[in-house]
Amino acid sequence: MKGFLNLVVSDAYWTAFLQDIWQDEQYGRHASNGKKVMVEFSSPNTNKPLHLGHIRNILLGWSAAQILEAAGYEVVKVQVVNDRGIAICKSMLAWEKYSGGATPESAGTKGDHLVGQYYVRFEQEFKKEYEAWQQSGAGQQQLQQWMADEKAVKKAEKELEEARKKAKNEAERKGTEYDPDALTLERHFFKNVYKNTYFNEHSQLGQQAKAMLLKWEAGDEETMQLWKQMNGWVYEGFDKTYEKLGVEFDKLYFESDTYLLGRDAVRQGLDKGIFYEKEDGSVWIDLTDAKLDHKLVLRKDGTSVYITQDIGTAQQRYADFGVDKMVYVVADEQDYHFQVLFETLRRLGEPYADGLHHLSYGMVDLPTGKMKSREGTVVDADDLIAEVIAEARANAEERDTLSGLSQDAQDAIIRKVGLAALKFFIIKVQPQKRMTFDPKDSVDMQGQTGPYVQNAYVRIQSVLRKGGEQDLSAAEAYTELQDAERELIAQLFAFPGLVREAAEGYDPSSVANFCYELAKNYHRFYHDHSILNADSEAAKAFRLKLCYGVAHCLKNGMQMLGIEMPDRM
RNA sequence: GGCUCUGUAGCUCAACUGGAUAGAGCACUUGACUACGGAUCAAGAGGUUUCAGGUUCGAAUCCUGACAGAGUCACCA
């Protein structure tokens, strides 16, 4: 049975501890544990630019990687670029048809945004085409045919009823008008039931996009050239965004290289009896004894599906890097997929199977509701970054604390502060929770924010510039601590353990919260106790050492979140 | 419908993994050293931790059952 044990750590212990660590610029980082871990994050499609959802993914992935590194792992950061498939073909087709040969240079548009524009254009044209067809004889005939299917209609009516309820609630919440006629059976049919079939079987544009995909798969030269060109534009755009965010990767995997992987593994698994073949020739794995379902891994025509590729890619990565662990940073909508994937790899006897982890995170909502790319309610990554930096600039100008510095130096600081606001705002929330992203709040620089933590560090730098260079050996004579000092040292003491736990739990938010608590306590200490004008030389020297310790800790902690510390702000 | 995640102050989030009187920030009210940097600090107000049971010395946390929101249950990726 557990109870309470109130023990008092002596001041002598704390002072000795501070003496040990105050000069350690690497404080909080663990020695190498000889293990290697791969972290996959970002993994965008190449048909549109990055948005707020990617930003949460990227920040989580990057900080998880930094934390694992600090905990002693060798880390390999990778992304899988989804550079092939029907989506990019849509962009390519729309570009061919409507752009008149526009390039990022000629249009004055960032490459990823340009390609995204043509993806949107495709969807618009497709919608026009589809709506016209719906009113045609063929469209109405399909509708009538479906309406005659009692079972299907019944199911649809049930779904519609729920959708109506939801729409009504939302309208009430937002104070907007609720239109009860917006959700009809006809609209439901064309939007949710028949759209794919239309795209695949009737649509002119759909035919053309699919034809392009076939040409791509056949290696048609002209198609490949266009594909390379447009993806090249996208990569230039992505690189700029990554650079602004301060992230980079050790290795890129391209889906165009890996999409055929995994078939050999399936065949081998078939021989070993891990998979089974149905009469039609399709191949499956039975995971019902692991409380999962049967899952198809090869179609009857022998082509692979998403999970087949993932099996092959995992093996490829192990062959490339020999990692002990692999972490996949992917949104929680794929929770089930990763359960199935990991269980499958386990049964295949992959050596890294016990080190697989899905760092699952909740979607990002806006105050107005869900982000939907089709409805144009996504927050663009580049816009968002520009906004927080602009806000930081406005703040800096108002305070006028940087005017002595060169323009470049000022810009660098402003960038660090703006990004700190954005990054901290997102990382402080536990990954598994859905988060509401209010753009207004994300640029806040007061209270529980990145700039607040930076400010504590900047204050320390200011103090140290004025008094940190002197001989601090007088600190040894300081033996009776103030509460605030004790508390700060105790927090420093806890930091390495917290880093280890954050690594084990893949939880950057705990590091963010630690940094905030430490900064908060420092601010209070700073307010209540004079450092440079302390009562005694001993107190002054001791507090300066404490400042060093806190500064190293804050800097390292924030570095693990991908947040840089300025010396002034 | 099955399964998974979430539900804590008006809002955004914590709570050392079962511990003491559930804590911060924002917003609101009121204060602070002629400055070691006020992007700070202090105070006030704000709670039946969605609800109902259970487990035990003790529950926001674990179990059961409701309720609400989200996701998923593709030969899509």
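Numbers restart at 1 for each chain; the letters A, B, ... are given by sequence-line order, proteins then strands.
In this structure, rU56(B) makes no Watson-Crick or G-U wobble pair, since no nucleotide meets both defining distances under 3.5 angstrom. Figure legend. rU34(B) is base-paired to no nucleotide; pairs are counted as Watson-Crick or G-U wobble with both atom distances under 3.5 Å. Both distances falling under 3.5 Å, in either a Watson-Crick or a G-U wobble arrangement, place rA24(B) opposite rU12(B). Nucleotide rG65(B) is matched to rC51(B) when pairs are restricted to Watson-Crick or G-U wobble geometry with both distances under 3.5 angstrom. Using N1 to N3 plus N6-O4 or O6-N4 for Watson-Crick, or N1-O2 and O6-N3 for G-U wobble, each under 3.5 Å, rG71(B) pairs with rC3(B). The partner of rG46(B) is absent, by the rule that a Watson-Crick or G-U pair needs both atom distances under 3.5 Å. Nucleotide rG18(B) has no partner under the Watson-Crick or G-U criteria, as no pair reaches both atom distances under 3.5 Å.
Taking atom CD1 on Ile414(A) and atom C1' on rA39(B), their separation rounds to 13 Å, with Å as the unit. In this entry the distance linking CG of Asp335(A) with C1' of rA70(B) reads 11 Å, nearest Å. In this structure, Asp332(A) places its CG atom 13 Å from C1' of rG69(B), rounding to the nearest Å. Remark: P of rU40(B) and NE2 of His527(A) are 12 Å apart, rounded to the nearest angstrom. Whole-Å rounding puts the Phe437(A) CZ to rC13(B) C1' distance at 15 Å. For Lys165(A) and rA68(B), the NZ to P distance is 7 Å, given to the nearest whole Å. Put simply, CE on Met569(A) is 10 Å from C1' on rG37(B), counting in whole angstrom units. What separates CD1 of Ile413(A) from P of rG37(B) is a distance of 15 Å, to the nearest Å.
Among the heavy atoms of the strands lying under 4.0 Å from Thr436(A) are primed sugar atoms or P, OP1, OP2 only; no base atom is included. Among the heavy atoms of the strands, none lies under 4.0 Å from Gln454(A). Across all strands shown, Gln430(A) has heavy atoms under 4.0 Å from sugar-phosphate atoms exclusively, and none from any base. Here Asp280(A) lies in heavy-atom contact (under 4.0 Å) with a base.
For rU50(B), the base adopts the anti conformation, since its glycosidic angle falls more than 90 degrees from zero.
A salt bridge links Asp411(A) with Arg393(A): the closest approach of a Lys/Arg side-chain nitrogen to an acidic carboxylate oxygen falls below 4.0 angstrom.
Note that Arg459(A) lies outside the cation-pi zone of Tyr522(A), set by a 6.0 Å cut-off to the ring centre and a 45° limit from the axis.
Taking atom P in both rU6(B) and rU61(B), one finds a spacing of 13 Å when rounded to whole Å. Spacing of C1' atoms, rA9(B) relative to rU50(B), comes out at 15 Å, to the nearest Å. To the nearest whole angstrom, the two C1' atoms, one in rC51(B) and one in rG7(B), are 12 Å apart. Taking atom C1' on both rA24(B) and rG46(B), the two are 14 Å apart, rounded to the nearest angstrom. Rounded to whole Å, the P atom of rC73(B) lies 24 Å from the corresponding atom of rA66(B). Taking the C1' atom of each, rU8(B) and rG47(B) are spaced 8 Å apart, rounded to whole Å. Atom P of rA22(B) sits at a distance of 22 Å from the matching atom of rC26(B), rounded to the whole Å. Nucleotides rA68(B) and rU49(B) are separated by 16 Å at their C1' atoms, to the nearest Å.
Separation of the Phe254(A) and Trp227(A) ring centroids does not fall under the 6.0 Å cut-off. Aromatic rings of Phe338(A) and Phe342(A) (six-membered ring for Trp) have centroids within the 6.0 Å cut-off, being under it. For an aromatic pair to be called close, the ring centres must be under 6.0 Å apart, and Phe424(A) with Tyr452(A) fails this. The ring of Phe122(A) has its center no closer than 6.0 angstrom to the ring center of Tyr119(A). Taking the six-membered ring for Trp, Phe126(A) and Tyr198(A) have ring centres closer than 6.0 Å.
Here Arg459(A) reaches the OP1 or OP2 of rG38(B): one of its side-chain N or O atoms lies under 4.0 Å away. Between rA42(B) and Arg524(A), a contact under 4.0 Å exists linking OP1 or OP2 to a side-chain N or O. Contact annotation: Lys370(A) side-chain N/O to rG71(B) OP1/OP2 distance is under 4.0 Å. Look at Arg434(A) and you won't find any side-chain N or O under 4.0 angstrom from OP1 or OP2 of rU6(B).
Taking only side-chain atoms of Ala396(A), from C-beta outward, the nucleotide of rA32(B), rA39(B), rA77(B) with the closest atom is rA39(B). Which of rC5(B), rC36(B), rC13(B) sits closest to the side chain of Met435(A) comes down to rC13(B). The Lys166(A) side chain lies nearest to rA70(B) when the options are rG37(B), rC41(B), rA70(B). Closest to the Ser462(A) side chain, of the nucleotides rG37(B), rC36(B), rC75(B), is rG37(B). Closest to the side chain of Lys433(A), from the set rA39(B), rA14(B), rU40(B), is rA14(B).
The minimum heavy-atom distance linking Arg399(A) with Asn395(A) is given by the pair NH2-OD1, 2.7 Å. Of all heavy-atom pairs spanning Ile413(A) and Arg568(A), the tightest one is CG2-O, 3.4 Å. Between Ile67(A) and Met560(A), the shortest heavy-atom contact is CG1-CB, 3.8 Å.
Contacts between residues 287-313 of chain A and RNA chain B, defined by a heavy-atom separation under 4.0 Å, are made by Leu296(A), Arg299(A), Val305(A), Tyr306(A).
The 12-atom threshold is not exceeded at CG of Asp535(A), counting heavy atoms of other residues, nucleotides or ligands nearer than 6.0 Å.
For Tyr526(A) and rC36(B), the ring-to-base geometry satisfies the stacking test (centroid distance below 5.5 Å, interplanar angle below 30°).
Each of Asn455(A) and Glu162(A) lies near RNA chain B, and the nucleotide nearest Glu162(A) is the one positioned closer to the 5' end.
Atom NZ in Lys466(A) sits 14.0 Å away from atom CD in Gln470(A) (nearest 0.5 Å).
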### Query
What string of B, S and - do you get for nucleotides 25-31 of chain B 5' to 3' if you count protein non-hydrogen atoms under 4.0 Å?
SS-----
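Inter-residue side-chain proximity for His51(A) and Met371(A) is flagged as met; some heavy-atom pair is nearer than 4.5 Å.
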